[in-house]
2 protein chains.
Amino acid sequence: MISFAASKEMKTEKIDKRQAIIDAAEKLFCETGYEGTSTRQISNESGANMAMINYYFGSKEGVFVEIMNNRIAGFGSQLKIINEDKISAIEKLNRVIDGYATRILSNPSFHKMMHRELSLSQRPEMYNKIKDAMSLNMQLLEKILTDGQEDGSFKQADNRMVIATIMGTLTNIVISPHKVMPEFDLDLNNPKDKKMIKDKAVAHLQDLLTVYLTTKK
Amino acid sequence: MISFAASKEMKTEKIDKRQAIIDAAEKLFCETGYEGTSTRQISNESGANMAMINYYFGSKEGVFVEIMNNRIAGFGSQLKIINEDKISAIEKLNRVIDGYATRILSNPSFHKMMHRELSLSQRPEMYNKIKDAMSLNMQLLEKILTDGQEDGSFKQADNRMVIATIMGTLTNIVISPHKVMPEFDLDLNNPKDKKMIKDKAVAHLQDLLTVYLTTKK
DNA sequence: GCATTTTAATCAATCGTTTGATTAGTTTTG
DNA sequence: CAAAACTAATCAAACGATTGATTAAAATGC
């Protein structure tokens, strides 16, 4: 019973088996996909016994659901405040682009996995969760666009398509960075490369949309 | 070998078991992914015996490789000629956008599968094939952009990012059409909806890039 | 009648899940 | 306080089902 003086953990070893399973599963799901990952792999990677997966999460899919819920929770929180600020529409848009790029590029693997799940739409529960989380961001983006259009700072545009351009551009960069910059050997796991790609992406999108939305026809 | 007078097929039955396997496998791979599709499913869906898969293609992966090769072959063929035409850079760009949207939206399921494969990058052979096929299109796009910039009709821009925007926007629309137009119940399998989405996407991208690339700073 | 195509049966391997037992820590009880 | 009862966590082993692949025999076409 926890010897005196609180011996927390020994080195950095197994803080929590439950969390270890989540961490290992997320890594593996990102790398090899849901179907491509076996419970035995999760067991090995996490150091937990196979039975613990079902003990804690009921099933392999239960682990997946848990991971997605954890990540998706608090998705819109940081972005929502942007729309409260007393700043111009164009400034709001620029901040949203930066915030969106930051989040997506902070965990490219997970974003890839999310998109695989969305494109497969096998597990309806997950599909709807992802869809809802995304639609939160879309509503925010749309509001910024329509507000800007109403006060005359943005010209009229196909806002749905504008949103598709913002999200699509960032997703495209995350999924195929080599395509974007084939002349270098860029690696999204390298923090330096990641920052460079993010800066380029943000600068491009901000420039693109500023020019597009504020140019008099 | 193909008896005289070409007795094609009897009713609509088994024209070719080999082709039936390819068709069934492509459908299933698109719907449930590569790992999520079993050889027995392919066998059932195609009407061919399980052993025929290995007989004709050596393995399950062999079927997959065959499908990808068939689809990828002739990828750049239709687009290459565009760059030969004696038309303005902006006109070339508009045509490429239309051609690209047409191809992607002509088979959304396959395009989704291709992107899943690209984002998983499990099978290196496939990964490289897809990458090479895409990079063909990218080179064409980049050439159009730089040509336009050299003759002064386009302003300087981050061309790699511009390309990411074009491809990313279209991919985003294909993968999540509901996100793009949640107020309607659009369906990419419905030819009418598909045409409408394609027209909207093309119009948006052409407008966006025309404004962006031809606006004096 | 020979080569090609197709079949049913079977293979070892792996899948996700469940089991019964064991450990250690906590609570309850007398 | 200590014996008894209970609880959550963990384990090795095994479950039945399914996986991709292979076999050897049968059917087919020429």
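Below, read A as the first sequence line, B as the second, and so on, with proteins coming before strands; counting in each chain starts at 1. The figures here come from the full heavy-atom set of this structure, side chains too, leaving out hydrogens, waters and symmetry mates.
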Trainee: Let me know the distance between NZ of B:Lys17 and P of C:dT4, rounded to the nearest Å.
Mentor: 18 Å
Trainee: Answer yes or no: is there an ion pair linking B:Arg123 with B:Glu35, defined by an N-O contact shorter than 4.0 Å?
Mentor: yes
Trainee: Begin with the C-alpha distance, continue with both residues' side-chain angles, and end with the deciding distance and a verdict on side-chain contact (heavy atoms from CB on, under 4.5 Å) for A:Met114 and A:Arg71.
Mentor: CA-CA 10 Å; A:Met114 215 176 68; A:Arg71 287 277 176 191; over 6 Å; no
Trainee: Rounded to whole Å, how long is the line connecting atom CZ of B:Phe64 with atom P of D:dT19?
Mentor: 18 Å
Trainee: Rounding to an integer number of Å, can you tell me how far B:Asp16 CG sits from C:dT6 P?
Mentor: 8 Å
Trainee: Enumerate the protein-to-nucleotides 8-14 of chain C contacts in which both atoms are nitrogen or oxygen and the separation is below 3.5 Å.
Mentor:
unit_1	atom_1	unit_2	atom_2	d
C:dA8	N7	B:Asn49	ND2	3.3

Trainee: I'd like to know whether B:Arg160 forms a side-chain contact (heavy atoms from CB on, under 4.5 Å) with A:Lys200, so could you lay out the CA-CA distance, the side-chain angles of the two residues, the decisive distance to 0.1 Å, and finally the verdict.
Mentor: CA-CA 10 Å; B:Arg160 297 293 186 176; A:Lys200 271 175 162 290; over 6 Å; no
Trainee: Hey, is the side chain of B:Tyr56 poking within less than 4.0 Å of OP1 or OP2 on C:dT6, counting only N and O atoms?
Mentor: yes
Trainee: Would you indicate, yes or no, if C:dT5 has its OP1 or OP2 atom less than 4.0 angstrom from a side-chain nitrogen or oxygen of B:Tyr55?
Mentor: yes
Trainee: Taking the nucleotide of DNA chain C with the nearest heavy atom to each, does B:Met52 or A:Glu61 sit closer to the 5' end?
Mentor: B:Met52
Trainee: Between A:Thr169 and B:Thr165, is there a side-chain donor-acceptor contact under 3.5 Å, judged purely by atom types and distance?
Mentor: yes
Trainee: Within the distance-only criterion (no hydrogens, no angle test), does the side chain of A:Thr37 pair as donor or acceptor with the backbone N or O of A:Leu28 below 3.5 angstrom?
Mentor: yes
Trainee: Round to a whole Å and report the spacing from CZ of A:Phe57 to P of C:dT18.
Mentor: 15 Å
Trainee: Would you please say whether a donor-acceptor pair under 3.5 Å links the side chains of A:Thr102 and A:Lys198?
Mentor: yes
Trainee: Does the B:Lys129 side chain pair with the main chain of B:Asn69, one donor and one acceptor, at a distance under 3.5 Å?
Mentor: no
Trainee: Grab the CD-C1' distance between B:Glu35 and D:dG20 for me, whole Å please.
Mentor: 12 Å
Trainee: Can you measure A:Ile53 atom CD1 to C:dC15 atom P for me and round it to whole angstrom units?
Mentor: 12 Å
Trainee: Could you state the CG-C1' distance from A:Asn54 to C:dG20, rounded to the nearest angstrom?
Mentor: 15 Å
Trainee: Quick one: do B:Ile22 and B:Phe57 satisfy side-chain contact (heavy atoms from CB on, under 4.5 Å)? Show the steps, please.
Mentor: CA-CA 10 Å; B:Ile22 291 181; B:Phe57 306 99; 3.5 Å; yes
Trainee: Contact class for B:Ser43 (heavy atom, under 4.0 Å): base, sugar-phosphate, or nothing?
Mentor: nothing
Trainee: Give a yes or no answer on whether the side chain of B:Tyr34 reaches the backbone of B:Glu61 with a donor-acceptor pair at less than 3.5 Å.
Mentor: yes
Trainee: Expressed in angstrom and rounded to an integer, what is the separation of A:Asn44 atom CG from C:dG16 atom P?
Mentor: 12 Å
Trainee: Residues from residues 26-33 of chain B sitting under 4.0 Å of DNA chain C, heavy atoms only?
Mentor: none
